[in-house]
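One structure below.
In this chain, numbering begins with 1 at the start of the sequence shown. Start at 1 and go down the list; that is how both ligands and their atoms are numbered.
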Amino acid sequence: MSAPRAVKGMHDLLPDRTAHAAWLEARFREVARRWSFDEIRTPVVEPTELFVRSIGESTDIVEKEMYSFVDKGQDALTLRPEGTAGVVRAYVEHAVWTQEPVTRWIYMGPMFRRERPARGRYRQFHQLGAELFGDPGPYADAELIDMLVTFLREAGVADVEVLLNSLGGPEARRAYRHALVEYLEPRRPALSADSQRRLASNPLRVLDSKAPEDREVVAHAPRITDFLNAEDRAHLDGLRAALDRLQVPHRLEPTLVRGLDYYDRTLFEVRGRGGELGAQDAVCGGGRYDGLVETMGGPPTPAVGFAIGLERLMLLAPPPPPPPGTDVFVVAVGAAERLEAAVIARELRAEGLSVETDLRGGSLRSQLRRADRVGARLALLVGSDELARGVVQLRDLRAGRQREVGRDALRAAIRAERSAT
Ligand code: HAM
């Protein structure tokens, strides 16, 4: 059998990239704390029906991309393709509205979509998400978007602009859908095969097509923003005014639509602008979904949220400052000192220091080379003669200095060396 490989479109994160991912996750938690969001974790697997009902039957995700299976108990299950559906399920299942009028949650973790793999598009990817329940007003959207932009900036993305649109309520969407189909139908032959198919199933998605022939037709299509009723319009205007006041860069993009059916009113996206993401340029998508909690069996509850693609963010944001690394490398000069070297290493770890040893042994030279490679500043040389006298050699690997230190004075000596730089 040939050596097993990771599933196509699913990737290992080796330690350098894991460090970047963990740093971004920590920054996300920190920004969310300032906005009073708490973290929730939901299962990776949910009933298939949950995603069909929330994301929508005729979306690409549900039609083509879900990892669905029937388990040994005959339950129809799916690896979550996104986070909102599970978070809403949890909100309803735990009747969270009975405990607080407004709920602010963040979440992070792996999502699964069987898409065609490309740069920035994977079959297992990770999202950093936020959902805010219970506040229908445009200032909730603005507060959430402000948190998003603050995080992206603190993550190191220099040039952030939010693209905004409003899909209106159900009434505006119905009227718009009708007008759009009326406009597109006579132009059907000019559309791509994909868009011709979507025209029947989900015409708003034609607006989202990247095919040049579709872009040309769409450029003159009716705009959803002309179909908003007075309340929808006031909501959008309120959001834009709030973003202006909060100095959040934003732009109205009336052709913006998204690939999930649960949205109404506010939609937004943040795209990479330097070409780092290629065609997969959305680093974050979000919007309002005022009807979804009720669809899932809860009371009517307005909600708004977003999710950031962690891998795409890692393509856009520079890596974080390198971690402090190994403080001390403990070298056993000979085989007889290996156990005592391990004991010294353990004592120093108990002090909170990062300590590495090479208990395979090897020559002094090869161990010092390894100490250098792991970036240790200090090496402790543990030899039999020194052990007998209750001392070790403490070597500063950068300065090349070495001195003898009593075992009981070791901690203080290391602390002094560390604070000397
Ligand atoms: P979405 O636009 O489907 O929205 O995904 C959000 C983000 O996840 C995208 O902007 C992208 O960065 C990342 N993403 C999506 N698919 C992939 C993929 N195959 N590979 C890599 N990254 C990907 C949602 O998922 C909604 N739940 C967002 C939301 C939360 N709306 C309201 N609340």
Could you check whether any side-chain N or O of E311 sits under 3.5 Å from a backbone N or O of H126, counting only pairs where one atom can act as donor and the other as acceptor?
yes
Provide the number and element of each atom of ligand 1 under 4.0 Å from a heavy atom of F306.
29 (C), 30 (C), 32 (C), 33 (N)
Could you tell me whether R173 and D232 make a salt bridge, using a distance below 4.0 angstrom between a side-chain N and a carboxylate O?
no
Taking side chain as C-beta onward, heavy atoms only, is D261 less than 4.5 Å from N202?
yes
Answer yes or no: is there a side-chain heavy-atom contact under 4.5 Å between V44 and F112?
yes
Heavy-atom contacts under 4.0 Å between R258 and ligand 1: side chain, backbone, both, or neither?
side chain
So, taking the atom named CD in E154 and the one named CG in L24, what distance separates them when rounded to the nearest 0.5 Å?
11.5 Å
Just heavy atoms, cut-off under 4.0 Å: does Y289 contact ligand 1 by side chain, backbone, both, or neither?
side chain
For E311, which part has a heavy atom under 4.0 Å from ligand 1: side chain, backbone, both, or neither?
neither
Using distance alone, determine whether A307 and ligand 1 share an N or O pair under 3.5 Å.
no
For ligand 1, does P81 get within less than 4.0 Å through its side chain, its backbone, both, or neither, judged by non-hydrogen atoms?
neither
So which bit of L260 gets within less than 4.0 Å of ligand 1, heavy atoms only: side chain, backbone, both or neither?
side chain
With heavy atoms and a 4.0 Å threshold, my read on which part of E131 contacts ligand 1 is side chain
Please tell me whether T255 and E253 have a donor and an acceptor in their side chains that are separated by less than 3.5 angstrom.
yes
Show which atoms of ligand 1 fall inside a sub-4.0 Å distance from at least one heavy-atom site of G285.
10 (O), 28 (C), 29 (C)
For ligand 1, the portion of Y262 having any non-hydrogen atom under 4.0 Å away
side chain
With only distance considered, is F125 within less than 3.5 Å of ligand 1 through an N or O on each side?
no
Does only the side chain of R113 get under 4.0 Å from ligand 1, or the backbone, or both, or neither? Count heavy atoms.
side chain
Looking only at protein heavy atoms, what sits closest to atom 9 (C) of ligand 1 is A282 O, 4.0 Å
